[in-house]
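Step one of this worksheet: look at the structure below.
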Amino acid sequence: MKIASWNVNSIKTRLDHVKTWLEKNRPDVLMMQELKGEVFPSAEFEAMGYQIAYRGQKAYNGVATLSLHPIEIITDQLPGDDGDEQARYLETKINGVRLINIYLPNGNPVDTEKYPYKLAWMNRLKSRVQDLRNDLDPFLVAGDFNVIPRDEDCYDPKAWANDALFLPQTRAAYRAILNLGLIDAHHALHPGPNNYTYWDYQAGAWLGNKGIRIDHILLSPLLADRLQSCFIDREPRGWDKASDHTPILAILNG
DNA sequence: ATGGCTTTATGCTAAAGA
């Protein structure tokens, strides 16, 4: 089972990129983030054999999960705050695997209400994972976490020291989720530096390889046992009018 | 870098992203 995640930064602008990439890679599942629209071009992907689940929102956020196999939608709302209307969460079940697609809040600037919202969101995610690990179902959490886990996951740790993606409280909240028993699929197989998934549009970040690793695939123990490979596909980041993120993929046995 | 791009919107400047 080939599973991918990609923050496309507007599905409307990136539609041709996504279609081209799907044709070349044909993943069983693609989880997308930052669709930036209320409507989703479902027919474009249905024509390619994909079934679609999505949660849209005008202008901001938005997540979608595409699958070659039947999709059961569990929920499009992260439990723990009924007043939260941001489209950042989509939980589905495909081929017996629960797939949690997330667009975790950025959190900047940290001296605004955005940062406590991020930390609260991470705590809600932790609670959800806590509930799920009692089930026997295998599950994974994938998407744009907006968390740089370690110094080695950014080109210049000092430049990120006070950023919401890298503050000690942010990394502690991320570790608290991992410590429930999840495995970072990419880190497990490729623990070295320079495994970036995002490069800023500004200041030649892509040409200078000044990136950060913030898109992750976290596996429950039963899925960690099935992990065959995990890699970041840098190719689409080099395309004309690219998203600032590039896809991450995991291949699971069975 | 109180932001050098990029995207969206009761749009032509402001807000958000990371």
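Proteins get letters first, then strands, A, B, ... in listed order; numbering begins at 1 in each. FYI, side chains are in, hydrogens and waters are out, and symmetry mates aren't considered; it's all heavy atoms of this structure.
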Taking atom P in both B:dA9 and B:dG4, compute the distance separating them and give it to the nearest angstrom.
-> 23 Å
Cluster companions of A:Val8 among Ile, Leu, Val, Met, Phe, Trp, Tyr (side-chain spacing under 4.5 Å) = A:Trp6, A:Ile11, A:Leu15, A:Val18, A:Trp21, A:Leu22, A:Leu30, A:Met32, A:Leu35, A:Phe40, A:Phe45, A:Met48, A:Tyr50, A:Ile52, A:Tyr54, A:Leu66, A:Leu68, A:Phe231, A:Trp239, A:Leu249, A:Ile251
Salt bridge (charged side-chain N to carboxylate O under 4.0 Å, His left out) filter on A:Asp233, not counting sequence neighbours, yields none
Using the P atom as the reference point in each nucleotide, state the distance between B:dC5 and B:dT10 in Å, no decimals.
-> 27 Å
Give me the other members of the hydrophobic cluster that A:Leu222 sits in, counting Ile, Leu, Val, Met, Phe, Trp and Tyr linked by side-chain heavy atoms under 4.5 Å, directly or via other members.
-> none
For A:Phe145, report the nucleic acid contact type (base, sugar-phosphate, nothing); a contact means any heavy atom under 4.0 Å.
-> nothing
Please name all residues satisfying ring-ring contact (aromatic ring centres under 6.0 Å, His included) with A:His186, sequence neighbours left out, ordered by chain then number.
-> A:His190
Taking for A:Lys12 and for A:Glu34 the nucleotide of DNA chain B with the nearest heavy atom, the one nearer the 5' end belongs to A:Lys12
With a non-hydrogen cut-off below 4.0 angstrom, is A:Asn108 in contact with a base, only sugar-phosphate, or nothing?
-> base
Would you jot down, in residue-number order, the residues of residues 52-66 of chain A having a non-hydrogen atom under 4.0 Å from DNA chain B?
-> A:Lys58, A:Ala59, A:Tyr60
Between the OG1 atom in A:Thr246 and the NE2 atom in A:His17, the distance rounded to the nearest 0.5 Å is 10.5 Å
For A:Lys118, which contact category applies under a 4.0 Å heavy-atom criterion: base, sugar-phosphate, or nothing?
-> nothing
Sorted by chain and number, sequence neighbours left out, side-chain contact (heavy atoms from CB on, under 4.5 Å) with A:Tyr60 holds for A:Gln57
Span that lies between the C1' atom of B:dT6 and that of B:dG11, in whole angstrom = 16 Å
Chain A footprint on DNA chain B, 5' to 3' - any atom under 4.0 Å from a heavy atom = B:dG3 to B:dA18
Heavy-atom side-chain proximity of A:Tyr89 to A:Arg128 below 4.5 angstrom | yes
ring-ring contact (aromatic ring centres under 6.0 Å, His included) against A:His69, all qualifying residues, sequence neighbours excluded | none
Within residues 241-250 of chain A: residues closer than 4.0 Å to DNA chain B (heavy atoms) = A:Lys241, A:His245
Base, sugar-phosphate, or nothing for A:Arg213, non-hydrogen atoms under 4.0 angstrom?
-> nothing
What integer number of Å spans the P atoms of B:dT2 and B:dT7?
-> 23 Å
Side chain to side chain donor-acceptor pair (under 3.5 Å) with A:Gln33: which of A:Asn9, A:Asp144, A:Asn101, A:Asn61?
-> A:Asn101
Quick one: side-chain contact (heavy atoms from CB on, under 4.5 Å) partners of A:Lys12, sequence neighbours excluded?
-> A:Ser10
Which part of the nucleic acid, if any, lies within contact of A:Asp215, taking any heavy atom under 4.0 Å across all strands shown: a base, the sugar-phosphate backbone alone, or nothing?
-> nothing
Taking the P atom of each, how far is B:dA14 from B:dA18, in whole Å?
-> 22 Å
With sequence neighbours left out, write down each residue that passes salt bridge (charged side-chain N to carboxylate O under 4.0 Å, His left out) with A:Glu235, or none if nothing qualifies.
-> A:Lys24
With nearest nucleotides of DNA chain B determined for A:Gly204 and A:Ser10 from heavy-atom distances, which residue corresponds to the more 5′ nucleotide?
-> A:Gly204
Roughly how far apart, to the nearest Å, are B:dC12 and B:dA1 at atom C1'?
-> 27 Å
Partner set under ring-ring contact (aromatic ring centres under 6.0 Å, His included) for A:Tyr198, not counting sequence neighbours | A:His245
